[in-house]
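Keep in mind it's a predicted model, so treat the numbers as computed, not measured.
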Amino acid sequence: MAEIQHVIVLMLENRSFDSMLGWLHPNRPGFAGLNGTQSNSCLNTSYKVSTTPPANADANTVPTPDPGETFTDITEQLYGSATGRGTAPPPMSGFAKNYFGQATGTAHYDPAAVMHSYTDAEIPVLWRLAQDFAVSDQWFAAAPCQTWPNRFFTHCGTCHGIVNNSDFTSGLHVPFTAPSIFRVLENAGHSWRVYFHDVPQSLLLRDIEDLAPLRYRFFNQFLADAAQGALPHYSFIEPHYFGEFFSAQPPNDQHPPHDVRYGEQLTADVYHAVRQSPCWQNTLLIITYDEHGGCYDHIAPPAAVPPDGLGPPGYNFNSYGVRVPAVVISPWIAPGAVLQPMTDQKQPHGGTAYPFDHTSIMKTISELFALPAAQLTPRAAAAPSLLPYLTLPAPTNNGPYFLQTPRLTPTRPEINAMAAELPNDLHKALGEGMEILHSGIATIGHDIGEAAETVAQIGARAVAQVRAFLGAL
Amino acid sequence: MPIWGTTLIILAVLALLRLSGRTAILKDQLIPQLPPNLQTFSLARTQMAWWFLIILLCAGDILAKRLMAGGDAGTLLQNLLSPQALTLMGLATLTAGGGVAVDAMQYTREDQVNDALKQLNLGSYADVVDLRAKIADWQSRTAAGIPLTPAEAQSIPTALAANPGSSQAELTTARQIQKKAATITDLQRLLDEYNRQTAPFRTQGWFRDMVTDVDGTALHRLQAVAWSLLIGAAFVYVTFKSGAMPQLDDNLLGVMGISGAGYVGFKYNETQY
């Protein structure tokens, strides 16, 4: 039995499994990756999956611009039509069409961008970790939705049936009231921390509001805690969503069209901290992505257990979202393992084993620390735990001690261009959510529309709200 | 040295310090959002001013003595400046120019803060003054109960929990109050951020600005200050005593050159706070 005492989750943004790891094991039998034949059609043109960036595209920022990712967009991506939900399994046929349809005015959205896949040439850190430790080709976003529903699923096992980021703020669902794994751990006497860079999305959980000033720390503290062997039982790491322009730090969340190399640096920093920590031999590190963000994946999301029956008309979260990358790192895991559902695992429904989704994190933590099972939603209760996959008899898979990564420093024009960009849906929602959290009201949404506020402006407002809420850290 | 000469030097130095405290004459203004009196002093500019002042005063002293001695008008300006005086002024100017070039070549912390503040529409100190005025205006309007303009009222908060049984008028009033509070909070947060981000770049007084960088006292700065003070004082003393600018030893000029070059070289790696 693996002796795990520390679970660490790094959750990045908006990339599908195929877009990041689709070509990881092209010749490995049973690996659900790409073979070059997968395609989508748009305007009678077939767009095949490819590792070649579209013409005139920067190889590190594909897809640019950001694809659509609302519930309606994702429905079209899966079913080929925005009203097509209902047939199962979805044909995964509308990614190219939906992306092309995002264009307004003179903007050009080349459908090839969402059919693109990265390789180890651009993302060597993620690939190396996936090869030296374990990767799951059966890990799905918890819901076919945006960031917030999926992140709430990660922490709470449900999103209370809400499908878009903005629906939380406009519908008075902030703070989010579902019980979280953090509170369960707290009540059971286990330590936890959220390490963040600018604006922690998880701060919107109501049941830990009172604990947040004690448990939320900047990312630098994670590095220090790891170095001192002082990691808590559960660590959740949130990336830079906006960037920190006062110190020229770009966003490192890998949300399109952000440069993937900054996320690679973050991944390497987290891995190095864990690998070189005194806690290493008792650690499980999970690197995953909250949702696919409009990037193509060829595996249809299977049926899932509805968490609470809530949802928009015609959908009660009885299926997963699109597949996302999940790399599982521990000295207790066999090198090169591919994690797939164990067919002999007992399922509450008695049927086929469920794949992994974000609620597998809750399930794993619950099993590991013997937390009360009643705290899990039906979705999380049915999720497979990662513990049975830690199969080595001793912590012998030490992996690389150090990963060579180029330390990118953005130039002054690059930073200024990032700061002057218009915010994406996530930025807007985070800005509005933090405003509601601290002052109880939201004006930011209107201000963005009125004054075309930039990433730097809305980010500064959101960060100021976080600082005011958490006090001096 | 005659008493009037000493008095003149003291007065000139005091005038320069007074002027430099209020204006940006000895400052690089790398954070233009700070008012002149809060900008940090520049070592290179100060050195340039130091040698300019010394040589000007010394030349004035020599001229005054020649005039009082009633010498030939044709020789009044002969050998007024020594070659070493020109070398010292040149070194000071080169050091200042080198410092400016280093700042221009690098993407410094000052650049990052300056750029980020510009992104928040705080491009100059005038914008900061405007921001403070806006906060004061909103606060006074709130205190006086002045209602929102129709344009302002459009951005009424969306997440307002109304008390059960509230009338429409009560709801409107409550929303207006919340909108004002949110606006004041927003503006105040922006001002707080400005204060927080610019705090490390505010002057800590002339001497500390001269000899410190982000890591504390910097040897390359300390040596530049020490040699400038020592050689400058000796230069004045010798001039006033002998009635001519001194013939400085090549090694002394070399020391000034080395300290200037050291300052420019080390500045490449420093962040001056």
Side-chain angles (χ1 to χ4, degrees), chain A residues 166 168-175 242-250 409-421 431-451 453-469 472, chain B residues 31 33 103-123 131 138 148-149 151-162 171 174-201 214 271:
Chain A
S166 60
F168 285 90
T169 50
S170 63
L172 304 183
H173 300 291
V174 170
F242 291 91
E244 163 53 276
F245 301 107
F246 283 103
S247 53
Q249 294 175 51
T409 305
T411 64
R412 191 172 182 179
E414 283 171 345
I415 277 288
N416 284 333
M418 288 179 211
E421 280 173 6
E432 200 156 53
M434 295 305 149
E435 194 180 19
I436 293 171
L437 184 68
H438 185 246
S439 42
I441 52 177
T443 60
I444 224 166
H446 183 278
D447 293 350
I448 292 167
E450 185 96 316
E453 288 201 348
T454 62
V455 167
Q457 289 166 343
I458 194 170
R461 291 175 74 171
V463 167
Q465 299 285 355
V466 171
R467 283 185 187 281
F469 184 75
Chain B
I31 308 282
Q33 293 83 358
D103 284 336
M105 277 191 300
Q106 286 184 305
Y107 184 21
T108 62
R109 281 279 291 123
E110 288 89 340
D111 292 333
Q112 291 164 9
V113 171
N114 179 13
D115 286 354
L117 286 172
K118 281 181 184 164
Q119 296 281 355
L120 303 181
N121 295 327
L122 295 177
L131 175 63
W138 274 98
L148 299 173
T149 65
E152 290 164 351
Q154 279 182 4
S155 56
I156 282 294
T158 52
L160 181 84
L171 196 59
R175 283 180 163 179
Q176 292 232 354
I177 289 168
Q178 289 213 351
K179 163 67 185 174
K180 287 174 188 170
T183 304
I184 292 169
T185 302
D186 238 10
L187 295 174
Q188 187 60 52
R189 294 270 157 72
L190 181 56
L191 188 60
D192 292 345
E193 189 68 1
Y194 159 80
N195 286 326
R196 203 167 65 84
Q197 296 292 349
T198 57
F201 302 99
V214 68
T271 298

side-chain contact (heavy atoms from CB on, under 4.5 Å) assessment of A/Gln457 paired with B/Asn121
CA-CA 9 Å; A/Gln457 289 166 343; B/Asn121 295 327; 3.2 Å; yes

Quick one, A/Arg461 with B/Arg189, criterion side-chain contact (heavy atoms from CB on, under 4.5 Å). Give me CA distance, side-chain angles, the key distance, then yes/no.
CA-CA 7 Å; A/Arg461 291 175 74 171; B/Arg189 294 270 157 72; over 6 Å; no

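The candidate with the highest count of non-hydrogen atom pairs below 4.5 Å against chain A, out of B/Leu120, B/Asn114, B/Asp192, is B/Leu120.
Contact of the B/Asp186 side chain with the A/Gln465 side chain is registered, since non-hydrogen atoms from C-beta on lie closer than 4.5 Å. Here the side chains of A/Phe246 and B/Glu193 are in contact, with some heavy-atom distance below 4.5 Å. Looking only at side-chain heavy atoms (C-beta outward), B/Thr185 and A/Glu435 stay at 4.5 Å or farther from each other.
Contact between B/Tyr107 and A/Arg412 at its shortest, heavy atoms only, is CE1-CG, 3.4 Å.
In this structure, the portion of A/Pro410 lying under 4.5 Å from any heavy atom of chain B is its backbone and not its side chain. B/Leu190 does not touch chain A: none of its heavy atoms, backbone or side chain, sits under 4.5 Å away. With a threshold of 4.5 angstrom between heavy atoms, A/Thr411 approaches chain B through N, CA, C or O but not through any side-chain atom.
Rounding to the nearest 0.5 Å gives a distance of 8.5 Å between NZ of B/Lys118 and CG of A/Asn416.
The side-chain contact (heavy atoms from CB on, under 4.5 Å) check on A/Ala456 picks up A/Phe245, A/Ala419, A/Thr454, B/Gln119, with sequence neighbours excluded.
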